[in-house]
Amino acid sequence: MSSSAQIRIRDLHKSFGENEVLRGIDLEIGEGEVVCVIGPSGSGKSTLLRCVNLLEEPGRGQVFVGGTEVTDPDVDIDAVRRRIGMVFQQFNLFPHLTVTENLTLPQRRVLGRDKAASARTAAENLARVGLSEKADAYPSALSGGQQQRVAIARALAMGPQVMLFDEPTSALDPELVGDVLAVMRMLADEGMTMMVVTHEMTFAREVADRVVFMDGGVVVEQGTPEQVIGAPRHERTRHFLSRLLDPAMAEVEEGSSDQVGKAG
Amino acid sequence: MSGVTEPAGAGTRPRAKGLTRRQRRRVSRGAQYVVFVAAVIAFAFAADWGRLQDQFAQVDIARQMFPDVITLALRNTVLYTVSGFVVGLVLGMVLALMRLSSVGPYRWVAGIYIEIFRGLPALLIFVFIGVAVPLAFPGTEIVGGTYGKVAIALGLVGAAYMAETFRAGIQAVPKGQMEAARSLGFSPARAMISIVVPQAFRIILPPLTNELVLLFKDSSLVLLLGVTLEERELSKFGRDLASQTANSTPILVAGLCYLLVTIPLGFVVRRLESKAREAVK
């Protein structure tokens with residue numbers, strides 16, 4: 001699996017001012033692999049994901065995507081990003097454009113596709129996420145779940161080799177989460193390489209090939225979902241999972257911090 | 001507020017001067033109405049209505065102004081305003097993008113420009129364009145004669161304000177929009193033009209329309225440039241006629257012509273604002 005690594009991260013460091021968010025991350029994601037990154041808020045998992053397509057500039061270390069070094073100062077970052085699809089927590093659809101235009105405009109402006117070709121690709125991808133009937137709607141007329149599926153379709157229309165998901169269901173009402181996860185599961189089944197930051201343990205357990213637990217800016221442990229979620233070896237992982245799976249059982253802690261082990 | 005601490009009868013405080021809150025409010029409002037009506041009556045009796053009509057509302061003089069006040073004066077006012085607005089819009093957009101640039105000198109130049117031109121009276125700029133520039137650069141001719149000069153003068157004034165409006169509008173577009181565009185492979189410039197600026201435009205449409213109203217009024221300063229008969233706009237036209245006839249009716253008519261445009265524009269602004277509020281929801 002490492003022979004055809006699509007994403008390779010080496011000794012990645014990132015600080016925001018004094019706050020060291022990533023403290024030396026090494027991670028490889030093979031072709032067609034689905035990796036879920038879990039961990040408490042403030043653990044650096046979103047920052048790690050955003051370093052992969054350079055939305056955040058890492059302080060030290062290297063990131064390779066499909067053999068190209070993203071962190072090379074001379075890299076054509078716009079060209080690299082065309083191969084990396086990204087889905088945001090807040091959807092970030094373009095509100096002044098219709099659903100179809102959200103999908104066609106990037107294809108035409110970035111890839112230089114003509115009107116007919118981009119419209120065809122848009123229609124195909126809207127069908128994939130089951131939203132063909134919303135083609136002419138504006139994003140504000142859609143539910144959160146529908147908006148997120150359009151956002152996924154928009155990323156797919158660019159023909160990416162890798163998909164990054166930054167807490168894609170965290171901003172959704174609970175009853176809408178399932179539709180988005182179903183689309184992601186379909187993508188995983190089709191063999192898409194995916195890196196997913198999520199709190200959805202069921203999704204991680206059933207869909208992920210590998211689960212990575214991060215805390216305090218380092219990878220604490222990783223392995224198959226059975227290993228990491230089913231039988232965590234580290235105390236920090238166990239603590240996090242117990243709080244996540246049964247929030248009502250958490251007790252008031254010293255310093256009342258929700259970022260366990262932040263100092264350590 | 002005190003409902004928690006006082007268990008029973010929290011609202012019924014001991015009556016001051018025998019009046020309840022409701023009664024006191026009614027008395028206070030009644031007093032205000034009385035003062036207002038008294039002021040109106042006093043004005044109606046004090047004014048010399050015959051003289052006022054003579055001075056401001058002479059129908060023959062007003063009739064004499066038509067159709068020139070519309071076909072010439074109002075037309076020129078609109079022409080001056082629109083040309084100045086277009087220049088200001090383009091220049092303001094450029095300044096706003098410079099202000100937000102990561103290149104230091106761009107930011108400084110734009111910042112200095114905005115500070116200077118926002119701080120100077122529009123009148124001074126007109127004098128500068130009309131008198132100082134021809135003297136300082138002899139032989140230079142501003143394209144379009146008076147029309148060109150007005151476009152530049154109003155544009156210079158308007159650009160400083162519009163640049164700040166644009167900047168606020170661009171910054172009001174959520175950061176995620178730029179991130180989404182960049183993650184799709186848009187270059188920074190492309191993302192700005194295709195994604196951010198169109199959204200910023202919607203946000204700033206109401207304040208931009210306000211700016212149009214301000215320029216509309218400032219266009220009266222063109223009389224400082226020394227205009228020909230054909231180039232007169234509302235203020236100059238009204239003033240000329242007022243001194244010719246030794247009567248203020250032309251001023252009143254010119255004023256009404258301004259309101260003919262500014263009041264509907266104000267209505268449009270309020271409509272746009274309430275629409276924008278709905279869109280946010």
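Just so we're on the same page: letters track the sequence lines, and every chain starts at 1.
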To the nearest 0.5 Å, atom CD of B:Glu179 lies from atom CD of A:Glu56 at 7.0 Å
To the nearest 0.5 Å, atom CZ of B:Arg202 lies from atom NE2 of A:His96 at 7.5 Å
On a heavy-atom basis, the closest approach of A:Val110 and B:Leu184 is CG1-O, 3.7 Å
In terms of heavy-atom contacts, B:Gln199 and A:Pro95 come closest through OE1-CG, 3.3 Å
[X], [atom1] atom: more than 12 neighbouring heavy atoms under 6.0 Å:
X	atom1	answer
A:Phe16	CZ	yes
B:Arg232	CZ	yes
B:Tyr113	OH	yes

Counting heavy-atom pairs under 4.5 Å with chain B, the top scorer among A:Leu164, A:Asn92, A:Ile77 is A:Asn92
Note: vs chain B, highest number of non-hydrogen pairs under 4.5 angstrom among A:Met158, A:Gln90, A:Arg82, A:Arg50 is A:Arg50
Select one option (side chain, backbone, both, neither) describing which atoms of [X] are under 4.5 Å from chain B's heavy atoms.
X	result
A:Arg83	neither
A:Leu55	side chain
A:Phe94	both

Exercise for review: Say whether, by atom type as modelled, one donor and one acceptor occur between the side chain of A:Asn53 and the main chain of B:Ser183 under 3.5 angstrom.
Suggested key: no
Would you say the side-chain atoms of B:Gln177 pair up with the backbone N or O of A:Leu93, donor to acceptor, closer than 3.5 Å? yes
B:Arg190/A:Asp78 ion pair, N-O < 4.0 Å: no
